[in-house]
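Lettering of chains follows the sequences in order, A, B, ..., and the numbering in each one begins at 1.
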There are 2 protein chains.
Amino acid sequence: MPAPAKALWPSADEKERERREKREAVLRAAVRCFNEKGFHATSLDDVANALSVTKPTIYHYFGNKDEILFECVRRGLESIRDAAEAVEARAGGGLERLRRLMLDYAVIMTMDFGKCVTLTADHELSADSRARFRGLKREIDQTVRRVVEQGMADGTIAKGDPRLVTFTLTGALNWIARWYDPTGALAPQQIAEGAVATLVAGLAPRRDNEERL
Amino acid sequence: MPAPAKALWPSADEKERERREKREAVLRAAVRCFNEKGFHATSLDDVANALSVTKPTIYHYFGNKDEILFECVRRGLESIRDAAEAVEARAGGGLERLRRLMLDYAVIMTMDFGKCVTLTADHELSADSRARFRGLKREIDQTVRRVVEQGMADGTIAKGDPRLVTFTLTGALNWIARWYDPTGALAPQQIAEGAVATLVAGLAPRRDNEERL
DNA sequence: TATCCTGTATACCCGCTAGTAAATAGGTGT
DNA sequence: ACACCTATTTACTAGCGGGTATACAGGATA
């Protein structure tokens, strides 16, 4: 029989796991504070208080405040990147794949780490983290753009400037992080489906009987 | 012959005008700093330096830092509100009017005070300014939504949840402030037209011969 | 000439917060 | 018993930045 959930005499592995979990807990508390009050307005004492510990405890798990923020946005960006890459590996026309990608993207934007990506401005990160931040964002942007381009090539997406189209789409999706209210009437899924439907079909009504996908 | 541009012995009126112009200059310098480095990361010494004056000079024209930020976002919001109201007074179908509104909205988002609206998070303002900020935003949101609803009623806009549709549109437009680069290849007009075209027509190609408006 | 108002500067205070030093307490290995 | 490691605390430093007290210069007023 393996060790119970919380071992009285934890093994080395269990201690290692506990350390990782504590690190995660710091991150989760931090991202909530950042999203609620903003990075600059959040002191590490705030984060520590939220966990009922003191500031040096946080420094036991992270080097400095910037590192904490970067870890938060990294998690968010990696969620998006994973969704983007998963979709790239999928079969189907460009529009169909883009639709799947946008749905995932939208849902991520209602979650803590996803929100953090939108709510964090470049200049809040150190020069170093900022560069990595931008790198990850560019990676995602290029993946989305490739899907858009594929769709334009295979005729499932209307032709246009792929860069501008991509920014328009991701803008609408990113903005969800700014207005989504977990206590509101719309669930993340509903928001995702509604927003994507509007982006795919456009405002102007369609008289043709084109499948809506 | 009236007074020259810069009078040696200015009249009371001219002094009043000069005071207003200096206040404006502070605002313009401030909004540039805020947009570039963020509100919290901008010290009033930064703003003062940008104008080659010192901090107390700024306090001669504004009560505190919060008031400066609020004035900036107010200008941006009022530009948008004016565009929204101008369009409401216009003749035409819902989609046609919404299109005009979105074009103006998009262009405003490439300008200093417009950018400031998007780049400023609620929690950066004092409780008092925040309430007014939200009031203005709600006003704009409702105006846009009314146009959307009108379009859904008159059949020029596809039916859907007006609130969600409005957020999706304004999200795409607001996000322009985050990526527009004045040194880039696309001029504000081109961005506005491209983004609006995508939002109106949607990603899926249209097989019908519907006018694109 | 004395006074007052406006705009600006110098010099300062105070609070907040990132980050650190040092101590403690428990566990682990020897 | 002793040395060591980890997690956490208390108590501190140091610097930044919002905001202010005060002084000063120039023009207007009387």
(Q) Please pick, from C:dA18, C:dG7, D:dT9, the nucleotide with the shortest atom-to-atom distance to any side-chain atom of A:Leu44. (A)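 Selected nucleotide: C:dA18.
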Q: Tell me which nucleotide among C:dG7, C:dA21, C:dG19 gets nearest to the side chain of A:Pro56.
A: C:dA21
Q. Just checking, B:Lys55 and B:Tyr59: is the charged tip under 6.0 Å from the six-membered ring centre and within 45° of the axis?
A.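 B:Lys55 over B:Tyr59 ring: no.
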Q. Would you call B:Glu24 and B:Arg20 a salt bridge, using N to O less than 4.0 angstrom?
A. no
Without decimals, in angstroms, what is the distance between [X] [atom1] and [N] [atom2]?
X       : N      : atom1 : atom2 : value
B:Glu16 : C:dT6  : CD    : C1'   : 12 Å
B:Tyr59 : C:dC12 : OH    : P     : 19 Å
A:Lys37 : C:dT17 : NZ    : P     : 8 Å
B:Asp45 : D:dG17 : CG    : P     : 8 Å
A:Asp46 : C:dA18 : CG    : P     : 8 Å
B:Ile58 : D:dG18 : CD1   : P     : 10 Å
A:His40 : D:dG17 : NE2   : P     : 10 Å
A:Phe39 : C:dT17 : CZ    : P     : 13 Å

Q) How close do A:Val73 and A:Cys116 get, heavy atom to heavy atom, and via which atoms? A)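 Closest heavy-atom pair between A:Val73 and A:Cys116: CG1-SG, 3.7 Å.
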Q: State which residue, out of A:Asp122, A:Asp128, A:Asp141, fulfils the salt bridge (charged side-chain N to carboxylate O under 4.0 Å, His left out) condition with A:Arg134.
A: A:Asp122
Q. Looking only at N and O atoms, is any donor in the side chain of B:Lys55 or the base of D:dG18 less than 3.5 Å from an acceptor on the other one?
A. yes
Q) Taking OP1 and OP2 of D:dT6, is either one under 4.0 Å from a side-chain nitrogen or oxygen of A:Arg19? A) no
Q. Taking OP1 and OP2 of D:dA7, is either one under 4.0 Å from a side-chain nitrogen or oxygen of A:His60?
A.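 Checking A:His60 against D:dA7: at least one side-chain N or O falls below 4.0 Å of OP1 or OP2.
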Over all strands shown, is [X] touching base, sugar-phosphate only, or nothing at heavy-atom distances under 4.0 angstrom?
X       : value
A:Tyr61 : sugar-phosphate
B:Thr54 : base
B:Ser43 : sugar-phosphate

**Q.** Contacts of type salt bridge (Lys or Arg N to Asp or Glu O under 4.0 Å), residue B:Arg28, not counting sequence neighbours
**A.** none
